[in-house]
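Each ligand, and each atom within it, is numbered from 1 in the order the structure gives.
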Amino acid sequence: MKKISSIKTRITIWYTTLMFILVVVILLMVGFLSYQLSIDNIGNNLRAQVLQVSEKIKTRRSDEIFYAIESNEEFKNVSIYRNNGEYVVGKYVYDISNIPFVDGQFRRETVDGKEYIVYDVFKWFGQKEHGFWIRGAEYIQSTMILGRYAFIIVVIAIPIVLLFAAFGGYYITKKAFLPINKIIMTANDIYLENDIQKRIPINPKAQNDELKSLSLALNKMLDKIENLIMQEKQFTSDASHELRTPISVILAQGEYLLDITENDKERELAENIVSKAKQISTLIARLLLLARIDSNRQKINKEKIDVGVIIDVAVEQTRALANEKDITISVNVDDDTYIYADEALILSAITNLISNAIKYGRQSGYVHIEASHEADKIKITVKDNGVGLSAEHIDKIWVRFYKVDDVRNDEFGSCGLGLSMVKSIVELHGGKIYVKSELDKGSEFVMLLKN
Ligand code: ADP
């Protein structure tokens, strides 16, 4: 059986059950008390009737009182028997004449499955055989005990009240939990849409209860986090800007040094300077691009792009790198694979994926690039048979500055920003990117872009 997980349902079930038990207990108590009271009442009434009749019987032939018993409602529970048990006058003659007579005692007797309260008194006239048994008896009805109204309450009113209690309680708890639902929805939105600007909607007219305070506190916390993130982004953006000019100077002067120097040692040093300066320059360019995309400042010039042409350009840009590792690059592009996108950004994304496929590819391996139609999208795939990725790294490679293997990546001058940049570019175009990879077998990066 499925476990009940909603707090609303659990609370509703809990107090409806509790209420049901309470109502049943109260009814049983009321029933028991009214039963006792009824029995006492009936007993007193019977005794009064019996004693009255006993008073009025004066002779062995008291016709007057016999007539009164027969005709008068006042004595409806009384019957008279001779000493030998022979019936003389009154009610219940067929039902209860077999019950033995006991003088002056209340009893409860059952005849043919029916219960009676019985009270007998013997009226003497001189000798014992000259007397009468005066019997008062009343049939105890169960509905009489509980009362007709109590019965209606049990059968009709209680289910209705419980139904109201259950629905009312569920509605009230549902309303009370509404702010929690809003908190959950906002948290999910922030997580799924990566939008730290979302806030928990708060009804200003809502009561100032704990949940409103919680929502206000969470919103304040989100303000603070957003502020910190903005400051950090601003810092990255400012720092990258500041670094751009000096690094261009270092690069230019390093290249000049490389040109003019004849000395081997100096050449080696100058080559090192140029290579590191190029790395820093790429890093700064990526940081700046990411900062611009993050703060929605990146302009995109969308135009109709022939994906095949872009792939060819990207392949040409990475050809030298592939040749160093003797990697074969093959390309397969469907007809009419056009997208509306920013050419420079998409080119840099595809180039990045291809150069990764080469960097992490096998010596003399292959890189295969494909572009095809998939529903209303264009699917661009970059596949290699290189080192691949283990499951633990697959989700993390999109995180900024994440590198699977620091030592190995250093050889390539990696900085761990390539894939996060590619992802940001693809998402900026409303597309999707994912990877399928197996350790030591290779990886396949797939971009889906609107055509
Ligand atoms: P880097 O500048 O280090 O290459 P990326 O963001 O491009 O940074 O890649 C992040 C990590 O993902 C890399 O450190 C690398 O280990 C892994 N990676 C990227 N592309 C591939 C690939 N084609 N095959 C195997 N691993 C890859």
Face-on cation placement of Lys302 at Tyr340 ring, 6.0 Å and 45° thresholds: no
contact_flag Lys359 ligand 1 heavy-atom lt 4.0 Å: yes
Please could you name the atoms of ligand 1 that Phe445 approaches to less than 4.0 Å, counting only its heavy atoms? 20 (N), 21 (C), 22 (C), 23 (N)
Looking only at heavy atoms, is any part of Val382 under 4.0 Å from ligand 1, and if so is it the side chain, the backbone, or both, or is it neither? neither
Distance under 4.0 Å to a non-hydrogen atom of Tyr402: what atoms of ligand 1 satisfy this? 10 (C), 11 (C)
Below 3.5 Å, N or O to N or O, backbone or side chain included: is there any such pair between Leu389 and ligand 1? no
For the side chain of Asn451 and the backbone of Ile339, is there at least one donor-acceptor N/O pair under 3.5 Å apart? no
At less than 4.0 angstrom from any non-hydrogen atom of Ala357, what atoms of ligand 1 do you find? 23 (N)
What I want to know is whether Asn352 and ligand 1 share at least one N or O pair that is separated by under 3.5 angstrom. no
Report yes or no: does Gly386 have a heavy atom closer than 4.0 Å to ligand 1? no
Is it true that a side-chain atom of Lys450 and a backbone atom of His429 form a donor plus acceptor pair closer than 3.5 Å? no
For Glu370, enumerate each residue passing the side chain to side chain donor-acceptor pair (under 3.5 Å) test, keeping only those at least two apart in sequence or located in another chain. His368
Among side-chain atoms of Asp40 and Gln36, is any donor-acceptor pair under 3.5 angstrom? no
Quick check on side chain to side chain contact (heavy atoms under 4.5 Å, CB included): which of Thr337, Leu449, Asp312 does Val307 satisfy it with? Thr337
What part of Asp384 sits under 4.0 Å from ligand 1 if we count only heavy atoms: the side chain, the backbone, both or neither? side chain
Checking Phe106 now: which residues fulfil ring-ring contact (aromatic ring centres under 6.0 Å, His included) with it, not counting sequence neighbours? Tyr119
Would you say Lys403 and ligand 1 have an N/O pair spaced under 3.5 Å apart? no
Which of the numbered atoms in ligand 1 are below 4.0 angstrom from a heavy atom of Gly388? 25 (C)
Close-contact set for ligand 1 against Cys415 heavy atoms, below 4.0 Å: 2 (O), 3 (O)
Is any side-chain heavy atom of Met421 closer than 4.5 Å to one of Ser348? yes
Output yes when the distance from some N or O of ligand 1 to some N or O of Leu419 is under 3.5 Å, and no in every other case. yes
